[in-house]
Amino acid sequence: MLGTLRRNKNNPLVLFMLGVVALLMVGFGISVQGLEDTAYAARVNGETISESEFMARYGPEYERRQQVEPSYDRKRAEAEGLRRQVLDRMITEKLLAQRARRMGLAVDDEALREAILDMPDFRVNGRFDREQYQRVLRANGQSELMFEQNLRERLLAEKLYAALQGLGVSDRELREAFRRQETQVNLEWVRVPKSAFAPNVGTVTAADVKAWKSEVEDVDGLVTGFYKKNKETRYDVPKKACARHVLVRVDDSVPDDIAAEKEEKIAEAGKKIAAGEPFETVVEEYSEDANKDGGGSLGCFAYEDALPAVADAAFSLKPGQVSPIVQSGFGYHIVKLDRFEEEVRRSLDEVRAEIERELTAEARAKRQARELAVQILQAAGPEVDLSAALEEVKPEQELEVKQTGEFPVDRKYFSDLGFVPELSKVAFGLTEDEPTADAPVETPKGWVAVRLLDRIAPDEDSFASKKDTLENIQVTTKLNDVFAGWQKALQESANVKVNPRVLRYGS
């Protein structure tokens, strides 16, 4: 069994099995604390998971998801908490390895050697190559000692799985799992944005703030989180120039005669601006940039965020002035400065009261948005779809009814809604007799009222072809139940500290 797990380590089923134990982390009381030493990712009962170990696991996992879904990006990873998922999995492996050692399980040097020799990443022409082995480890920032220690622990965890493989499932259980996993649903939904009620919040008084603070558990955490989230855009912002430009494209690959024509073109544009022709008109006639239809706008930018030639030109001007012709790697520019946005340097203590008022207003708007979503659900029913419900409720906000399209029970991400695992749980509890949800579902952008449109039953004839995969998954589920039996003991003994820096997506 141990060898089978290793040989199929990239199989989705095995990945699923390894991922399931991350559920054990729920309730472990893991604390996220910043310590003086920032070179670690986590400490588990005194044993360290280094930051380089974490990145060696996180990087390939991020790339794997991009290969499966090219649109997968940092924002999606942050929404799904990918860094936390990977680190939780590593913490779980560490805990399981510690548990395995207490059970007397071990991985000897020969088993470790076989596992390394069996890894395709270390092979050249089909055979293990030590130089390739060292190159791969260096590329991932790992020493041989670190890699082999981590591999030994992962093999220990696999041994623990192998020791529990005597579990089985009945045919009835398999058929129930088949129907649950193969059934698909289609929902209609309408989102009530939390921001829709922001204009109606009104004045937030000191009493309002006091009441809000009495209703939430971690006021300081919410205020600090808001500050950090908005620091670079509101509270710690460098001076910015708001400008527009005319761009005539040219680079070193352009023949001399064409380059001469480009020089004449930008010079002609400069003369027209000097003669008093509106800058936007010259942009429309001469600019070769994609933003020409927007008057050549470059937006507002900090000095270090722009092309050096453009930044030098913009920051040397006064509002309303136009620069001489400057050249960058993209070509010739004429820059006009519209205005400056002065730098902002405000500490958390300076803005704490302001943030508390804003969070109070946000909570009020959020509550009002939820109340409207509830009204829409109450107006809907077996014979009343969401469009009809909207007509009955007559909200002041302009809301749109959309459909999810068919999706299975394990769907967590929805293109128009974001990462909303709760939606699947709600969806598969709906029936034709009771097609509307009892309560709206909260999403990153607002409250969503959902109603069942269709439930698509699985093709019973396909059960036989999927039976083996289903059996493996159900065995894994039973394994998780066994692990849950250990949870209390692990909770009492686990001492886990996580470095918050490795969970930040800007780092």
Side-chain angles (χ1 to χ4, degrees), residues 73-75 195 198-199 226-351 353-355 357-358 505-507:
D73 58 10
R74 187 189 66 80
K75 288 186 177 180
S195 59
F226 186 95
Y227 179 82
K228 289 180 178 179
K229 180 180 178 181
N230 295 280
K231 184 178 181 181
E232 295 182 0
T233 57
R234 293 174 58 176
Y235 307 123
D236 191 7
V237 185
K239 183 177 181 178
K240 292 184 178 183
C242 303
R244 58 189 68 239
H245 75 158
V246 178
L247 170 64
V248 175
R249 294 185 177 275
V250 64
D251 57 41
D252 294 339
S253 66
V254 173
D256 292 343
D257 58 335
I258 302 297
E261 292 178 5
K262 297 284 188 176
E263 288 183 31
E264 291 178 7
K265 184 176 181 180
I266 194 68
E268 187 176 328
K271 289 177 182 177
K272 288 195 174 184
I273 293 169
E277 191 162 331
F279 194 85
E280 293 79 2
T281 303
V282 177
V283 168
E284 186 176 352
E285 183 177 356
Y286 289 91
S287 187
E288 298 173 358
D289 201 6
N291 64 2
K292 63 182 296 181
D293 293 336
S297 175
L298 294 168
C300 299
F301 51 86
Y303 184 90
E304 61 272 15
D305 293 336
L307 294 168
V310 173
D312 286 340
F315 280 84
S316 67
L317 299 172
K318 294 180 180 179
Q321 287 185 335
V322 177
S323 76
I325 297 169
V326 297
Q327 187 173 7
S328 75
F330 288 93
Y332 299 110
H333 307 255
I334 300 174
V335 179
K336 180 180 180 181
L337 177 67
D338 291 332
R339 68 183 189 280
F340 282 118
E341 290 184 352
E342 296 303 323
E343 72 172 10
V344 178
R345 307 293 180 190
R346 303 176 71 191
S347 69
L348 174 58
D349 288 339
E350 290 178 287
V351 298
E354 176 186 316
I355 291 174
R357 287 194 300 273
E358 190 162 342
Y505 288 81
S507 61

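Predicted model only: the values in this text are computed from it and were never measured. When reading the values below, keep in mind they use all heavy atoms of this one structure, side chains included, and skip hydrogens, waters and symmetry mates. Numbering of residues begins at 1 and proceeds along the displayed sequence.
Gln321 is not listed as a side-chain neighbour of Ser316, based on a closest heavy-atom distance of 4.5 Å or more.
The environment of Glu232 atom CD is sparse: at most 12 non-hydrogen atoms of other residues, nucleotides or ligands sit within 6.0 angstrom. Within a 6.0 Å sphere centred on NZ of Lys231, heavy atoms belonging to other residues, nucleotides or ligands number 12 at most. When the shell of 6.0 Å around CD of Glu341 is examined, it contains more than 12 heavy atoms from other residues, nucleotides or ligands. For Asp256, the CG atom counts as loosely surrounded, since its 6.0 Å shell holds 12 or fewer non-hydrogen atoms of other residues, nucleotides or ligands.
The heavy-atom pair separating Ala259 from Val254 by the smallest distance is N-CG1, 3.6 Å. When all heavy atoms of Ser297 and Gly299 are compared, the pair lying nearest together is OG-N, 3.1 Å. Between Ala243 and Val335 the shortest heavy-atom distance is CB-CG1, 4.1 Å. Contact between Ala314 and Phe301 at its shortest, heavy atoms only, is CB-CZ, 3.9 Å. Across Leu298 and Asn291, no two heavy atoms sit closer than the pair CD2-ND2, 4.0 Å. Counting all heavy atoms, side chain and backbone alike, Cys300 lies closest to Arg339 at SG-NH2, 3.7 Å.
The distance from atom CZ of Arg234 to atom NZ of Lys229, rounded to the nearest 0.5 Å, is 10.5 Å. The line from CD of Gln327 to CD1 of Ile266 is 10.5 Å long, rounded to the nearest 0.5 Å. Separating the CD atom in Glu277 from the CD atom in Glu285 is a distance of 6.0 Å, to the nearest 0.5 Å.
Residue pairs meeting the salt bridge (charged side-chain N to carboxylate O under 4.0 Å, His left out) criterion with at least one partner in residues 309-338, sequence neighbours excluded, are Arg244-Asp338.
Take Tyr286 and apply the ring-ring contact (aromatic ring centres under 6.0 Å, His included) test, not counting sequence neighbours, and it matches no residue. Under the ring-ring contact (aromatic ring centres under 6.0 Å, His included) criterion, Phe315 pairs with Tyr303, Phe340, not counting sequence neighbours. For Tyr235, the ring-ring contact (aromatic ring centres under 6.0 Å, His included) partners two or more places apart in sequence, or in a different chain, are Tyr227. By the ring-ring contact (aromatic ring centres under 6.0 Å, His included) test, Phe330 pairs with no residue at all, sequence neighbours left out.
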Let me check something: any side-chain donor-acceptor pairs from residues 245-252 under 3.5 Å, sequence neighbours excluded? List them with distances.
unit_1: His245; atom_1: ND1; unit_2: His333; atom_2: ND1; d: 3.1
unit_1: His245; atom_1: NE2; unit_2: Asp289; atom_2: OD2; d: 2.8
unit_1: Arg249; atom_1: NE; unit_2: Glu288; atom_2: O; d: 3.2
unit_1: Arg249; atom_1: NH2; unit_2: Asp289; atom_2: OD1; d: 3.2
unit_1: Asp251; atom_1: OD1; unit_2: Ser253; atom_2: N; d: 2.9
unit_1: Asp251; atom_1: OD1; unit_2: Ser253; atom_2: OG; d: 2.4

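The pair Arg345-Asp236 meets the salt-bridge criterion, with a side-chain N (NZ, NE, NH1 or NH2) lying under 4.0 Å from an Asp/Glu carboxylate O.
In this structure a side-chain-to-backbone donor-acceptor pair under 3.5 Å is present from Lys292 to Ser287.
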